[in-house]
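In what follows, a single structure is set out as structure tokens and then discussed.
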Amino acid sequence: MKLLLSSAVSATLAALVVAGCAGQPTMYYTLANPASTEATAKAADASNASPVSNGAAPIYIELAPLSMPESLARPQMVVRQNGDRSAQVNVLEQHRWASSFEDELRDALSSGVASRLGAFDASKGGRQTSQPVYRIAIQVRRFDAIEGTRVDGSFAWTVKRSDETVPTACSFDTSEPVGAGIDAVAQGAQRVTATAASAIARSVTAAGLKPGGACG
């Protein structure tokens, strides 16, 4: 009798756990900026459309797969919730990027840079082999989200036109304040990504003017 009762209690507890998990839907987020925000950023970066994108020939860019810390290379959002000085991070199972973070960030940066320059993404095809492409290799050194405080991003990259031998090397740090809640963290991450895309676009313009020179 006691065995039957114990089994019944265990089954009830398991059902409650399953029901509790079912009551917490997984939320998905994207790093791609809304169209209105992207249009504003493109207008603000109109100076990028100088010698690189004003010519008659189409401009092509190509982003290599991103290099980033293993702790970030996952679909779950990773946040600090105990302030700047805490070594603890939380991996949020119920709050995820629409794809793995490295793919989500690469897609957002690629589309952001292409939009700002009026360029085409060579990885999507359509480029003739005789047409040069600006190859961009990005290292994500840091992408820290501190809930209720800010999102910090640190990037380093090189830009090299396929018919040139000397790359342009750049680095960029940025930070965006965020309010309470994971939605605010995701929006802050979008802004960090958009700011980085603008910096990378400026460096492509600089590489077109003077290969191997200073970043824009």
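Bear in mind that the values here come from a model prediction, so they are computed numbers and not experimental data.
- Cluster membership check: M27 shares its hydrophobic cluster with M77, using side-chain heavy-atom separations under 4.5 Å among Ile, Leu, Val, Met, Phe, Trp and Tyr.
- Remark: the W157 side chain and the S203 side chain contain an N/O donor-acceptor pair separated by less than 3.5 Å.
- To the nearest 0.5 Å, atoms CD (Q24) and NE2 (H95) are separated by 9.0 Å.
- For the atom pair CG of L31 and OG of S99, the computed distance is 8.5 Å after rounding to the nearest 0.5 Å.
- The two residues A186 and W97 come nearest to each other via the heavy atoms CA-CH2, 4.3 Å.
- Taking all atoms of both residues into account, the shortest heavy-atom contact from S175 to D152 is OG-OD1, 2.6 Å.
- Taking each heavy atom of S111 and A108 in turn, the nearest pair found is OG-O, 3.2 Å.
- Under the salt bridge (charged side-chain N to carboxylate O under 4.0 Å, His left out) criterion, no residue pair touches residues 101-115, with sequence neighbours excluded.
- A 4.5 Å side-chain heavy-atom check between V78 and F143 finds every atom pair outside the cut-off.
- The CZ atom of R135 sits 11.5 Å away from the CZ atom of R161 when rounded to the nearest 0.5 Å.
- Put simply, the side chain of I182 reaches to within 4.5 Å of the side chain of E147, judged on heavy atoms.
- Between Q190 and T30 the shortest side-chain heavy-atom distance falls below 4.5 Å.
- In this structure, the side chain of K210 does not engage the main chain of A214 through any donor-acceptor pair within 3.5 Å.
- Relative orientation of the Y60 and F120 rings is tilted, given thresholds of 30° and 60° on the angle between their planes.
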**OP:** For the pair I136 and T158, evaluate side-chain contact (heavy atoms from CB on, under 4.5 Å) and give the outcome as yes or no after the intermediate values.
**Re:** CA-CA 6 Å; I136 306 168; T158 59; over 6 Å; no
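- Looking only at atom types and distance, the side chain of S154 has no donor-acceptor partner in the side chain of R142 under 3.5 Å away.
- Atom CG in D173 sits 9.0 Å away from atom CZ in F155 (nearest 0.5 Å).
- The shortest heavy-atom contact between T168 and C215 is CG2-SG, 4.1 Å.
- In the hydrophobic clustering of ILVMFWY residues, with side-chain heavy atoms under 4.5 Å counting as a link, V133 and V113 come out apart.
- Scored by the side chain to side chain donor-acceptor pair (under 3.5 Å) test, S123 finds D121 as partners (sequence neighbours excluded).
- With respect to the salt-bridge test (charged N to carboxylate O, under 4.0 angstrom), the residues D144 and R150 do not qualify.
- Side chains of Q187 and V151 form no contact here, defined as non-hydrogen atoms less than 4.5 Å apart.
- Taken to the nearest 0.5 Å, the CD atom of Q76 stands 4.0 Å off from the CZ atom of R96.
- Of the candidates L63, I61, I138, I200 forms a side-chain contact (heavy atoms from CB on, under 4.5 Å) with just one, namely I138.
- V79 is listed as a side-chain neighbour of L92, based on a closest heavy-atom distance under 4.5 Å.
- Contact record, A98 with Y28: CA-CD2, 4.5 Å, taken as the closest heavy-atom pair.
- Contact detail for L117 and A201: the closest heavy-atom pair is CD2-O, 3.6 Å.
- Evaluation of the salt bridge (charged side-chain N to carboxylate O under 4.0 Å, His left out) test over residues 66-77, restricted to residues two or more places apart or in two chains, returns none.
- Within the model, atoms CD of Q131 and OG of S162 stand 10.0 Å from one another, a figure rounded to the nearest 0.5 Å.
- Between the side chain of T195 and the main chain of R191, a donor-acceptor pair closer than 3.5 Å is present.
- V140 places a side-chain heavy atom less than 4.5 Å from the side chain of L105.
- For the residue pair R116 and S198, a side-chain donor N or O sits within less than 3.5 Å of a side-chain acceptor on the partner.
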